[in-house]
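What you see is a predicted model, and the numbers here were worked out from it, not measured in a lab. Order of the sequence lines fixes the chain letters, A, B, ..., with proteins taken first and strands second; residue numbering starts at 1 for each chain.
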Protein chains: 4
Amino acid sequence: MATLQKSIDKRNALIKATIELVNNNGFHATPMSKIAKMANVSPATIYLYFENKQDLVNQTYIEVKAKYTNYAFETYNENMPVEQGFELIWKRIAHFKLIECENAMFLAQCDNTPMIDETSRQEGIRHLQPLLDLWRRGRNEGIIKPISDFLLYAYSINPLSFLMMSEKRGAFKLDKTQLKEAYESAWSSIKVCE
Amino acid sequence: MATLQKSIDKRNALIKATIELVNNNGFHATPMSKIAKMANVSPATIYLYFENKQDLVNQTYIEVKAKYTNYAFETYNENMPVEQGFELIWKRIAHFKLIECENAMFLAQCDNTPMIDETSRQEGIRHLQPLLDLWRRGRNEGIIKPISDFLLYAYSINPLSFLMMSEKRGAFKLDKTQLKEAYESAWSSIKVCE
Amino acid sequence: MATLQKSIDKRNALIKATIELVNNNGFHATPMSKIAKMANVSPATIYLYFENKQDLVNQTYIEVKAKYTNYAFETYNENMPVEQGFELIWKRIAHFKLIECENAMFLAQCDNTPMIDETSRQEGIRHLQPLLDLWRRGRNEGIIKPISDFLLYAYSINPLSFLMMSEKRGAFKLDKTQLKEAYESAWSSIKVCE
Amino acid sequence: MATLQKSIDKRNALIKATIELVNNNGFHATPMSKIAKMANVSPATIYLYFENKQDLVNQTYIEVKAKYTNYAFETYNENMPVEQGFELIWKRIAHFKLIECENAMFLAQCDNTPMIDETSRQEGIRHLQPLLDLWRRGRNEGIIKPISDFLLYAYSINPLSFLMMSEKRGAFKLDKTQLKEAYESAWSSIKVCE
DNA sequence: AATGAATGAGTATTCATTCAT
DNA sequence: TATGAATGAATACTCATTCAT
């Protein structure tokens, strides 16, 4: 039991170290030895928990993605009105990107890279289902534009990644006002205009 | 002149090879030797044109970014009405992402990587000036929302990257109809609503 | 007793696993972990029975060598006439190489390797004494050529290893006829010709 | 040209180093780095000449085997009488094993090991053809026993390996007299007895 | 006695970069 | 300018061995 906990701790430490190092240096400049050092284990120990570097990164991705979506949908339930539900989820996502920026940056870096297996990517997408369901409902009720989920995601959710990364780079500050404006834009882009 | 031409050819071949290999394999997994082979030159030759790998990647980034913005603004002029100007630029950008997808994918992959220098990134951003100017004008005229350029960019331009990458992954098809819908969403998100 | 029995079982399992793995993969490419797995014990358990890998291999060698010579001399007794005695021993050895080919292959592989200690090798040779005694007797009686034991061994016994290995490789088949021919050659090479 | 020679020199130095180190320590305890050091090149240089460690060992084997058979048949021609031809070849082989003992030991160590590819082994065997042809002739003329080449080889040639290794181990000395005795035994074992 | 987790030292191999030509 | 050979430093990964339980 105690020993199981220790194992879990080590695995978590490895994943945490991977996130931090990949965020700072990129996948290509993140040697296993550094990950090991940062997680306070021997390099060989990594291979008790992960098959190889690729697997470590994929599993890290899946784990972070799960954390992200869990957070996003934690307080949401399917009976909420569409607009309220969307606003809730959007704000949770925005909040996650701001407070868990290590995790969010890691996901952003994974997004357009061949660093992640296609299967792991699919695995990550599956968790978004509640949002897709909400959109379907919204379309049926004539509240959400009758357009592809990809378009809805591209315009209402994805911009948050760009904003978060810009903020991380110090290019601008995402304060309360701007968050509100961002939400307005997100909602404008997908709601049906009268 | 002939000799200079030859040089430019080699430099271009190297940049082309870099784009293709990075697109297919990622920064990690793109060794200089492969770039050299694909460009039909010796590894040593790369160092006649670029200081090192970092420099090769950064210059490739800058070059592609320039191509991208040149294309975007090629038919635009500052006297156009705001909405018409925006639509023009937006469509040129969308078009670029679709027909020059090798280049567009490379830029997308560069977006969130520590692989690109901050200075090269700034250099890339500078070229966007005409769009920023257009937005300033739009805000002054009460046509564009009075919000940060980052927000405008995040909601009206950046989604195109996500859509292009999704298409490349075969997840969905960006046809004429959807491009129109995309434009609607982009414009909705930044225009001032009456 | 029960507990001691169990120990011997484990030791035997380890030795068996060592033989099999070394036969199939060679000394290099036979990690302790694989040996442990095949013997159904933990890697750490090996070190309760053997000092280290070197020791495991050497003890395996000695054990197999003992088995080999025990088999060779089991039905022999020192009062037999020389030729009859030699024929008996030769045939037992040949038989061993054919039916216990796992063991025989292992010994063959040990023959020319620096993997085996010189002391272990000596230990292995000691068991051949009855054959050497027989040869001495044969020389005294003018039946066996008055030449070094090494020569006698090289020509009358050692060829069996080559034949067995060739058969294992599928290069040729050692059937009854050929075994008889082999014996003829062996005896021709050491007997005194009139 | 000079540069080609240098390349050949390096390749040879690598092969020489491989032989020496494998002889002394075995394949499993011969790291590439040591081979490189002994050959006075960088570890990376090995990979310009050989695909990997396996390839290095296989090519070394083939090279040494070729040297061995070249030496064996150098002074032989197919018109010699059978017995004279065999004696010539046998003595060349014996001589090779004595003066080129580094090479001979290496071959001996390769003999019963999965260290060498089966294809490389076949390649090595092909070179023995002149001896096999001689034996065929001998059988036709009723001089050589009508038995398999494997048996002839096992009894007339292979024992030399055992004798050479025994001498290297210091167990006994193979002087002129004993060499003569060895030849007698070899010839006795394959010639047709009247 | 037995183990599975843990590890440090090592190993094959790669790669960005340089150098002699 | 151009190169192919060469390399030192790194890197992912392995393995014999140990240790806490």
* Paired with F/dA16: which nucleotide, if any, by Watson-Crick or G-U wobble criteria at under 3.5 Å for both distances? -> E/dT7
* To do: For the residue pair C/Thr30 and C/Thr18, establish whether any side-chain heavy-atom pair is separated by less than 4.5 Å.
  => no
* So which one's nearest nucleotide on DNA chain E is more toward 5', D/Ser42 or A/Leu48? -> A/Leu48
* To do: Please work out if A/Tyr49 contacts a base, only the sugar-phosphate, or nothing of the nucleic acid, heavy-atom cut-off 4.0 Å.
  => sugar-phosphate
* Structure fact -> Judged by nearest nucleotide, the residue sitting upstream toward the 5' end of DNA chain F, A/Pro31 or C/Lys53, is A/Pro31
* **Atom-pair distance (CZ on A/Arg11; C1' on E/dA5), nearest Å** => 16 Å
* Asked: Within this structure, what is the CG-to-P distance between C/Asn25 and F/dC15, rounded to whole angstrom?
  -> 11 Å
* Asked: OP1, OP2 of E/dC15 versus side-chain N and O of B/Ser33: anything below 4.0 Å?
  -> no
* Closest heavy-atom contact between A/Glu20 and A/Glu102? -> CA-OE1, 3.6 Å
* Could A/Lys16 and A/Glu63 be called an ion pair, given the rule that one side-chain N must be under 4.0 Å from one carboxylate O? -> no
* Structure fact -> From CG of D/Asp9 across to P of F/dA6 the rounded distance in Å is 11 Å
* Would you mind reporting whether D/Lys65 and D/Ser120 have side-chain heavy atoms less than 4.5 Å apart? => no
* Taking only the side-chain nitrogens and oxygens of D/Thr45, find out if one of them lies under 4.0 Å from OP1 or OP2 of F/dT7. => yes
* To do: Write down the partner of E/dA1 under the Watson-Crick or G-U wobble criteria, each distance required to be under 3.5 Å.
  => none
* Asked: So which one's nearest nucleotide on DNA chain F is more toward 5', A/His28 or C/Ala44?
  -> A/His28
* Could you tell me whether the phosphate oxygens of F/dT7, OP1 or OP2, come under 4.0 Å of any side-chain nitrogen or oxygen in D/Tyr47? => no
* Asked: Is there a Watson-Crick or G-U wobble partner for E/dT13 with both distances under 3.5 Å, and which nucleotide is it?
  -> F/dA10
* Structure fact -> Note: for C/Val41 and A/Pro43 on DNA chain E, the residue whose nearest nucleotide lies more 5' is C/Val41
* Asked: Checking D/Lys53 against D/Phe27: charged group under 6.0 Å from the ring centre and within 45 degrees of the axis?
  -> yes
* Phosphate oxygens OP1/OP2 of F/dA5: is one of them under 4.0 Å from a side-chain N or O of D/Lys10? -> no
